[in-house]
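Read the structure below first, then the notes.
Note on naming: letters A, B, ... go to the chains in the order of the sequence lines (proteins, then strands), and numbering restarts at 1 for each one. No hydrogens, no waters, no symmetry mates; every other heavy atom, side chains included, goes into these values.
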There are 2 protein chains.
Amino acid sequence: MAPTLKGGDAALLPEFPRGPLDSYRARASFSWKELALFTEGEDMLRFKKTIFSALENDPLFARSPGAHLSLEKYRELSFLRCKRIFEYDFLSAGDMFESPLKVSTLIQCLGMYDWSLAAKYVLHTLIFGSAVFSSGSERHFTYIQKIFSMEIFGCFALTELSHGSNTKAIRTTAHYNPATEEFIIHSPDFEAAKFWVGNMGKTATHAVVFAQLHMPGGQCHGLHPFIIQIRDLKTLLPMPGVMVGDIGKKLGQNGLDNGFAVFHKVRVPRHNLLNRMGDVTPEGTYVSPFKDARQRFGASLGSLSWGRVVIMAMAVTNLKLAVSIAARFSATRRQFGPTEDEEIPVLEYQTQTESCSVAQAGVQWAQSWLTATSASPVQAILVSQTPELLQWRLLPYLAAAYALDHFSTSLFLDMVELQRGLAAGDRSARQAELGREIHALASAGKPLASWTAQQGIQECREACGGHGYLAMNRLGVLRDDNDPNCTYEGDNNVLLQQTSNYLLGLLALRVRDGARIRSPLKSVDFLDSYPSILDQRFEVSSVADCLDSAVALAAYKWLVCYLLRETHEKLNQEKRSGSGDFEARNNCQLKDDAVALVDVIAPPDFVLDSPIGRADGELYKNLWGAILQDSQVLERASWWPEFSVNKPVIGSVKSKL
Amino acid sequence: MAPTLKGGDAALLPEFPRGPLDSYRARASFSWKELALFTEGEDMLRFKKTIFSALENDPLFARSPGAHLSLEKYRELSFLRCKRIFEYDFLSAGDMFESPLKVSTLIQCLGMYDWSLAAKYVLHTLIFGSAVFSSGSERHFTYIQKIFSMEIFGCFALTELSHGSNTKAIRTTAHYNPATEEFIIHSPDFEAAKFWVGNMGKTATHAVVFAQLHMPGGQCHGLHPFIIQIRDLKTLLPMPGVMVGDIGKKLGQNGLDNGFAVFHKVRVPRHNLLNRMGDVTPEGTYVSPFKDARQRFGASLGSLSWGRVVIMAMAVTNLKLAVSIAARFSATRRQFGPTEDEEIPVLEYQTQTESCSVAQAGVQWAQSWLTATSASPVQAILVSQTPELLQWRLLPYLAAAYALDHFSTSLFLDMVELQRGLAAGDRSARQAELGREIHALASAGKPLASWTAQQGIQECREACGGHGYLAMNRLGVLRDDNDPNCTYEGDNNVLLQQTSNYLLGLLALRVRDGARIRSPLKSVDFLDSYPSILDQRFEVSSVADCLDSAVALAAYKWLVCYLLRETHEKLNQEKRSGSGDFEARNNCQLKDDAVALVDVIAPPDFVLDSPIGRADGELYKNLWGAILQDSQVLERASWWPEFSVNKPVIGSVKSKL
């Protein structure tokens, strides 16, 4: 039965203004209001409306025509807006525990407005906050209260200039000194500078810093998190021994101040070790509930799934915004038509399939001509780059927005279940399996969502032609702001390997031990019958059958089984032939020439103008040099008293909602 | 035999600085210097070096750290740099005729430095200049001299706010008045404003404006080009009746001032009609060497191939820059390795194939889970979006850069041959066929090159991880500046239809009349044997065979034949079933719901923040309103005397080269 709005609540979903979109709205096969209620529920719709209305009615959030904000001004605005979110207090800490999905909704609402603001708020409250909460112990809970009153402002510092994905290779050190009961935090050189840290550039006063823990006896216990004050609370100037600055302009999210920090023998009290996973006694003895560094590190990374699940929701949000813009544009932009005098909306063309094979023929012909005539010495390795855009333009992305939205929401709720089990002390095998399954799903779901969004936004931008290239229409901002979703919290390709290792592991157990493949969410159960799935053949007699989701599902299952079997066999074969695990996965070819091939086509460094692409290959020196050449890199922000003096009164403008 | 440098010319290709890239350079299977000489030739290498050295040694072209340029400042710099290019006079008008390929090289060199500068220069000298030259007659040649002395500054105004691709629907009018021997140029409303015109925003004094020519008797002769002064040469203020302004910030190329113009009954002398294709006598009689408007318009659009061929070269240039940056980064960035202490360059991973099927398995599994669990009402139309990125990362794009470079250069030379034939008065059937073939190749080659570059730049940006997201590393600028190549001078999808119509036309002749398929460049000759090609089967026994370019070529030929036959048959079938040509190509489905589906997911207008995506669908009103809300839209640039007073002395700094 279709859900209906309670009496008097029609204002929650008001009618749209009359206009050129009326005819499409009249022809829709369903009621948009009923679908909105069905997918979100009245409570969530009301929550969103509260947030959106607050922002729209507050001049601090006014959109600025032309968007000519300088980096400095944009960062100031983002900070002031972040502070105001505390004053609105849309969601108390209690609400967060009671209705975790509202946390996700709040992030998405802020992100729909501006991802710089959302990122700034989330990095402080959720990333920094939950790192302290989940990695620390009772002695650190005083920080939590300071976080939610904005007495301090935080950031999360793991990545270094020369290491991201390979966290084990992080080089910042923490040496314990029992004489003073302090840790000495140190960056051996600028390549070990903490880098890319959101909020660190201009605003953070505290950082959770990951460093290799060394004991007086010389033993290293691996990466541990420390809470370190990096700026003075009154002046926002750096603390002694801390060189902290802004890494400069990015492709997007420039309202967020990403920064770097180099520590020169910075002394921090023993209590600043976030000691949930491992602790040091005053005398200098290391104690841990885990038996080795590997297990301890694995447990501390378990929470990384959260980041991936949230990124999925962020990417879906961007895709929703982009298809909304492009679909409305396409339904009102008219071009060409059946007669000289009549033009039809371009949306009518974009669902068109015949034109696609027509266009495909054209692009394939160009490919064939290129292959036939090219005198290039590397033509043999040219791989077809048929733009898949040609099939349909917008509708697949509109469908993907809906489907991925459901995927990310359900995974979010699975994460909540996992987290509640952890909090309740559940140490069952099912709980551990659920953790692994969610980790694998999030590690594949994040690439799927972020890439789909990135391609979809680009398609939307092109579908809007020149008008899509105008900054005011926002498709560029969406593309730029979505882009990092493809690489942070784990590069997509690296994450997919994690998922695949999970799947290969299950398959290996099945093959070797005859173990049954099952998982708590049942996402992998079909793999158990992989031999019979591989025997299936595609037998569909009509186009209508293809629209049955069971057909698509069967095809995906076949493909997963096929790819896994191929990979499994290849890896086994290479292991038998004697290459080690690492080489087995990285058999190299064809690449020794890559550098010389670009030496031919690259212009001089001055023209190429890219520190990471200079001919000398001195990647980090060039990057570090360029960052320090920018203006005001190490200077505090001119608006520093906005943190130090003008403190927010939490919930002070809540009554206006 | 490998080409060698003349004695004493080693400085032309100096050694690279020693460093981390040495080991790759040592392992290359060829000499990069020999390949550079082979692909470009010594003369062209020298020409490029002259340009690059001039820019590098001139403080006006200094790179600014951090790139915090305001729109105003960036546009001023681009104009000053454009002026300086005239002072360098790298290529005289005579040189251009003698060595047309150098024109392309000059554009690419300027573009490698900054596309805003290249576009500004090209739009004035080549687009505006050649429009006057090729559409005008002797009485207009006085403008040519003024263009090359920068006495005037020009732009090319065809597109309007509500019409781009469908040029026949352009609505600006030109009514001839025999009494005063003048045309009255008029924009009926703001939707007919000339829009997107490069150089028009702040700098152009003259525009070639396309308008529908109306005679006193009421007859309309279709689109004709007029040369119209839009700004005063001394003050750069708008001429009476002309409302001219800047359309604002774009996703890229912001050093270029794209603008709009609305004409209110602007009177221009009869002589300002560019009269090559059609003229009006003083008394008001229309005369033309063409028998109808359709034929005349077709002839005037023939020169559009130039734009497409140049865009191909621009896209290839961007791809070269991006792969240069990413390949050097990947060869020096180390992450993970066979042991805890040894890490290897990420380039070693990216050519890896096993890991690809591993990753593919992961993403397909996520897809299957999504399909199995999604409760979305539109899941049935979800189309798989498998990221093709997973196959290989950089090498295919490096190969594509080489292959597309050759394709675009050879097509450029074909265009030169075509142009020389036209100039020599060649009216042979071969000349006409060559024109059609080149038009079709350029219309498919431009989409192929621009999409490949756009995808390649995105892949390069992701392959560089976070560092690729730093603005200073330039991958964002390349993506933003390359982006319009996908939609201007004809949206890629529209262009591909033009190519496909050419191919379908050939096939139809072959099927209906048994005509032999042949073309001057022989690019379509294989279609003649399409039945036997379609009978071919893929019979390759080893991976080595796949590396044979003949195998790839045969596969492309088969695919083209297959797609053409399918399309041909489908179109015939639909025509027989009674739908007209237009509908036959635009059978609509599944889209009536699109607007209602986005109504559910779109946030309120304030949050969506996109004039073209507002819920009321008033596309042009919203866009026009937003443009006029920006600051300084109609104001002249603060640096206007740089045009009016400080004139360049052509070639004045040439001696410094």
Chain A contact via [X] - side chain, backbone, both or neither, heavy atoms under 4.5 Å:
X        : result
B:Ala331 : side chain
B:Ala169 : side chain
B:Ser29  : both
B:Arg461 : side chain
B:Asn473 : both

If you count heavy-atom pairs within less than 4.5 Å of chain B, which of [options] leads?
options                                : result
A:Leu619, A:Val595, A:Asp609           : A:Asp609
A:Asp491, A:Leu623, A:Val600           : A:Val600
A:Val598, A:Thr487, A:Thr332, A:Leu251 : A:Leu251
A:Gln629, A:Glu343, A:Arg333           : A:Arg333
A:Leu608, A:Leu321, A:Leu55            : A:Leu608
A:Phe52, A:Tyr469, A:Phe606            : A:Tyr469

- Item | B:Tyr488/B:Trp196 aromatic ring centres below 6.0 Å | no

- Note on the structure: Heavy-atom nearest pair, A:Leu496 first then A:Pro447, reads CG-CG, 3.8 Å

- Heavy atoms of A:Gly617 and B:Pro20 approach each other most closely as O-CG, 3.3 Å

- Answer yes when A:Arg328 and B:Asp599 have at least one side-chain N-carboxylate O distance shorter than 4.0 Å, and no when they do not. yes

Could you look at [X] and say if it's the side chain, the backbone, both or neither that has a heavy atom under 4.5 Å from chain B?
X        : answer
A:Ala615 : both
A:Val323 : both
A:Thr159 : neither
A:Asp593 : both

Sort out for me which of [options] touches chain A most, counting heavy-atom pairs under 4.5 Å.
options                                : answer
B:Leu21, B:Asp616, B:Leu470            : B:Leu470
B:Ser324, B:Gly476, B:Ala594, B:Pro17  : B:Ser324
B:Ser631, B:Pro611, B:Ala327, B:Pro603 : B:Pro611
B:Tyr24, B:Tyr113, B:Phe30             : B:Phe30

- Message: Main chain of A:Ile325, side chain of B:Ser610: is a donor-acceptor contact present, judged purely on distance under 3.5 Å?
- Response: no

- Query: Distance-only, no hydrogens or angles: does the B:Arg63 side chain make a donor-acceptor pair with backbone N or O of B:Glu56 under 3.5 Å?
  - Reply: no

- Message: Can you confirm whether B:Leu347 sits close enough to B:Phe329 that some side-chain heavy atom of one is under 4.5 Å from a side-chain heavy atom of the other?
- Response: no

- Task: Determine whether A:Thr39 and A:Leu35 make a side-chain contact, defined as any pair of heavy atoms from C-beta on separated by less than 4.5 Å.
- Result: yes

- A:Trp451 versus B:Gln458, side-chain donor and acceptor atoms under 3.5 Å: no

- Query: Could you give the distance from CG (B:Asp592) to CZ (A:Arg25), rounded to the nearest 0.5 Å?
  - Reply: 13.5 Å

- Task: Enter the distance from A:Asp480:CG to A:Arg474:CZ here, rounded to the nearest 0.5 Å.
- Result: 12.0 Å

